[in-house]
Amino acid sequence: MRRNWWHAYALAGLVSVIVATAAFVSYRNAAFERRELGRATHAATSVSKGLRPMDNVVAAYLVSPAVPSEHYEFLRERSVTEADGSHRRLGGKNAGPFDKRIYDAANQYDKSGPFVQLVTDTDYVIAAQPASGGVAVAITTPPKGPEAFPWLVVLGLLVMGSLVCAAGTLVGGSARPLGLALGASGLAVPTFLWSGLVIALFLVACSMLIAWADWRGSLERAGRELRKGGIAYAFLTPTAMAMLVLVGIPFVVGLGLGFYNNNHGEWTFVGLDNFIQILSGDGRSLSDPLNFWFTLGVTVAWTAVNVVLHVSIGVALALVLRQRWLKGRHGFRMLLILPWAIPNYITALIWKGMFQFEYGAINSVLSTVGLDKVNWFSEWSTSFASNVATNTWLGFPFMMVVALGALENIPSDMYEAAEVDGASPWQRFHHITIPHLMPAMLPALALGAIWTFNMFNVIYLVSDGRPGGGTDILVTEAYRWAFERGERYGLAAAYATIIFLILILWTIIGSRLAKKDAE
Amino acid sequence: MNRRAPKPISQGLVYLGISMLTVIVLYPVMVILKKAFEPGRNFATSVSPVPTEFSLEHFENLLSSANSSGDLLFLRYAWNSTLVALATTIVGLCLACTAAYALSRFRFAGRRFGIATFLAVQMFPGTLLLMPLYVILHKLGLLNSLLGLVLVYATTAIPFCVWTLKGYFDSLPKELEEAARLDGASSFKIFYMIMLPLAKPGLAVTGLFSFMTAWNEFILASTFLTDDSAYTLPVLLKSSVGQYSADWGLFAAGAILTSLPVMALFYFLQRYLVGGLTAGSVKG
Amino acid sequence: MPRVLTLLFVFLLGCRADADPDSVLLWHAYSGAEQDALRESVARIEREQGIKVRLVSVPYEAFADKLTAAIPNGNGPDLFVFAHDRIGHWTANHLIEPLEYYVDDSIANRYAFEAISAMSYEGSLYGLPLAVKSVALFYRTDILKEPPSETNQLFAMNELYTHAWDGYPLVYENTNLYPHALWLHGFGGSLFDKDGQRTSLATPEAVAALTFARKLDRDKVVPGGVDARMVATLFNEGKAAMAISGPWFQNDINDDVPWAVATLPMVSDTGLAAKPFLGVEGILMSSRAKNKDRAFAVLDALTSDDDAVFRAIAAKQIVPNQAAYETSEISKNPALMAFRKQLDSTVPMSASPLMRSVWTPYQNALLKVIDQGDDVADALRSAESEMKSYAEGQQ
């Protein structure tokens, strides 16, 4: 009994401290800013009136208007009036350390009027006010930093709260949750002073919630659950944490970005506009490469053709390579895995060179045999074919390896028995080999399909979307929206979300079909 | 398939076929090999894969290129790549095998959800996470550091590794663990002493995959690393192909040196590859 | 095993780049001779002024993206080398620092007027020019007696050959807008309309230029499907007599090939000179540079007249510093002087953010017309519509 109140109080106290600290930080920063900005503005106004500014002022001058150069319209000079009445040009050989900031401040004043702001990366505050004959600019530093966190107050309140809580527990009955709630709410007092009634009430509500959960026994139950399944969670937690931060959060951010439009770093909320623009095909005809549905069609065709080729070539080679009588089959296998081992961006570039019109290897072979040279990237069909050739070259080793492994697991006596029974080679293949291959190939096929669907490097490096963006698949299209077409990150993010949804949908449908098959 | 070998003619045809296919498949590799040993910055226009002149100048240039402080660049980058790839493999494996074991052996709330998530995450095109990842790494203070890169690569490789390893664990018989538990061993001990050694083929495959992911990756590396002493090999390779002109000889030499470690790993781990990829799937 | 792990971990943490706070960080995308020249210049600055400059080479394709990502987060360079045509885009994103505070007339007078104007945008100066790039006509002196002076000669090249020869008269990247622009301007067209604010791609002059480019391909004057490296290969192997390329091409020509540079021919149909784009490569300062005064000192030194002469000779750059052309080393170099002459008939690339959206659609149009034989006006109109949808977010 006694242990439990300590646990519950610790939890409630933690929550209260977090809320209180957040409230304090926002209050402290806001108060600090208000004070310093006011000080800087006051200094600038003093200068504009011709008075001497007060202390904590690092530099303050009356700045002249910009005088453009005679020959160059983009060059301008300014000068300042020194204390002794002389004029000094800002910049040049005898520049003071703050000259540049003052110059920039005067420019900003010309563009957008009087202002006061904190300077990024420093603790200076700059203010600019109108003055006769130019601009009054002042730079100040804060005499002291923002308020320190009141450790003692918070600690004291926590200790007092624990006493109240303990007292409540001793009394027992309904005094226990009351004591817990009251004790943990102690920090609501300073929170009210810092951030107002709403946050303070929120803190009290949290404490009350925890007290109620404790009274109901939910906390105890949760603790038990945790300890029961704990091992599994312990195994999973590191991975889950890493994935959350480095995959989950970017993913959610990416999802959210789809609802915004990016214009030179300014994000405006546009709701579903991006999605509508994509899904309506941007008002273009179906055969226009910029139409989403066209690209989707190309991507599906790309995936289907590739997977079929990968699997058939991979399985065929595996069937050949597992023949025991084939000497040197290990050597062949080693060589045929090479395409998978070499980094794919390297080979994509080589293949692109091989498809070059005038002197690429493919056309040279064609012309040696007497056929016409083909301009590979000028027609959609040939450009698509070149991408497929490259990707098949890269992709069949994986299927070959998986098939080899599956075939090796087939016991040879099955074949012998079938032979004794008089089965023909084709029947043996159909009834023994294929059923054993399927369980291994199906997951590999699914994986290969996903990889192909999202294969960026080959499309981007080999055909680069030619002709006219026709061979772009969904991923390259999204990339171009983000980085090549005016940085429309919002549109690209919406694209990525749609790609993801398509794949999820496909997986769900696929597994439903598989389940139906199994029944 | 057949215990009796077929007739010699058929055998000969098969040998011929597979040899020709191998030559065709290897042609691009031969092109690169040729360029690496032929002097000159540009590709020659002849089709033959045999170099007309032989010179080691590209390799010399590559290995001796230094930056303004005189540090040897190529060795530095190779070291960076090795470090990153090894670390990715270790981190990726550790995180993936614990998660895969949990998903395979334990029953707990959220297990289905976990499996589904790992599958779903593989489907998201990674290139598009570039900008959010950049900001997150910046907030963590891990930009321009190899550690940040390792973390990103590891999390990219984890879904596939978990999925493969889980399948592998699924195929291992439960009797061993039950016996050990009766003897009073803790879950962690069972995992460490019994399951892991049995899962060697699966670990080999996922290790290889993680290594390759990290070793071959270019886009993330070139975006997150701004200090050129921290660059990895793919960044170096891409930078020898400039906007208007490219030093293809240097590129070819670099490509060969970059591919060698991965190929070596492949052949070293070959016998595990076949077993590891399929074991889980055979059981379904 | 745990020991190995900890060691690895420590290594990795330590492999974080330690930014030396007192040095000036400069990003560039140079390679080869230009990179060596930059390193030399930087070493000289360190000797003479005691300012340490750290050079970082960033791959060209990723350069602009890294800048846009790094600078707002405080991770970017203090200075960087880049072409002028993205200045509008970067000012809109507040990435670069205006320099009128530092630059006065005496500094500005060092450079040719077009060069320094190109580094300005909407009334502010954002950088100082390092080198100017435009294409010109390279030709092999062992195949051509003299280069053609007008385009009609391109279709009747036999008189100009030194001996009987049957290669391609000319090679250039004919599906890239950058070299194609010289025909566009030679036929009197331009990418932007009169006030320079909006693009108009489907003008009669553009149609004429594109038709001419197609004629070059159909009449086998130029080979098709050529990219930048093929241009070098064909020129080096003697399969093309002329190549249109820029100053960087000098480093790509093999040592055993005799060559020279000339200005581009006049377009016979209009009587106008074929004017290529002028690109100005300069050094710009990041708006978040840590010590701007010191960064400018480096900027100034790297674009000084002495440094310009050095770079012109060592890296074969075309420098904008007027004093450089009066030195003996440069005035005696025919290639550099030819490029200097070509500079007088060039059209500066616009730095407007719209410019970025022009390249891909126009290149698609070029591909459609030359490779696939589509109708020219249609291709240009669809390029315009493509551009509009790219630029949609840019209002």
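Remember, it's a predicted structure, so these values are computed and weren't measured experimentally. Letters A, B, ... are given to chains in the order of the sequence lines, protein chains preceding strands, and every chain is numbered from 1.
Interface remark: of the candidates A:D104, A:L491, A:D99, A:D99 forms the most heavy-atom pairs closer than 4.5 Å to chain C. Chain A forms more heavy-atom pairs under 4.5 Å with one residue of C:W90, C:Y101, C:Y126 than with any other, namely C:Y101. In terms of non-hydrogen atom pairs under 4.5 Å with chain C, the most contact-rich of A:R466, A:K100, A:E379, A:R76 is A:K100.
Every residue was checked against the side-chain hydrogen bond (donor to acceptor under 3.5 Å, both in side chains) condition with C:T91, not counting sequence neighbours, and none meets it. Residues satisfying the side-chain hydrogen bond (donor to acceptor under 3.5 Å, both in side chains) criterion with C:D217, sequence neighbours excluded, are absent altogether.
Here the closest heavy-atom approach between residue C:S287 and residue C:K292 is recorded as O-NZ, 3.2 Å. Closest non-hydrogen pair, C:V369 versus C:D375, comes out as CG2-O, 4.3 Å.
With a 4.5 Å cut-off on non-hydrogen atoms, A:R89 touches chain C through its side chain but not through its backbone. Both the backbone and the side chain of A:L75 come within less than 4.5 Å of a heavy atom in chain C. No part of C:T175 comes within reach of chain A, as not one of its non-hydrogen atoms sits under 4.5 angstrom from that chain. Heavy atoms closer than 4.5 Å to chain A are found in the side chain of C:E97, but not in its backbone. For chain A, the nearby parts of C:S385 are the backbone and the side chain; heavy atoms of each come within less than 4.5 Å. With a 4.5 angstrom heavy-atom cutoff, C:Y121 does not touch chain A via any of its atoms. The contact between C:P98 and chain A is made entirely by backbone atoms, counting heavy-atom distances below 4.5 Å. C:L125 touches chain A through backbone and side chain together, each having a heavy atom under 4.5 Å away. C:I116 touches chain A through backbone and side chain together, each having a heavy atom under 4.5 Å away.
Panel note: side chain A:S69, backbone A:Y72; a donor-acceptor pair is recorded below 3.5 Å. Formation of a donor-acceptor pair under 3.5 Å by the C:N109 side chain with backbone atoms of C:D105 is found in this model.
With salt bridges taken as basic N to acidic carboxylate O contacts below 4.0 Å, one links A:D464 and A:R480.
Ring planes of A:F456 and A:Y460: parallel class, angle under 30° (limits at 30 and 60°).
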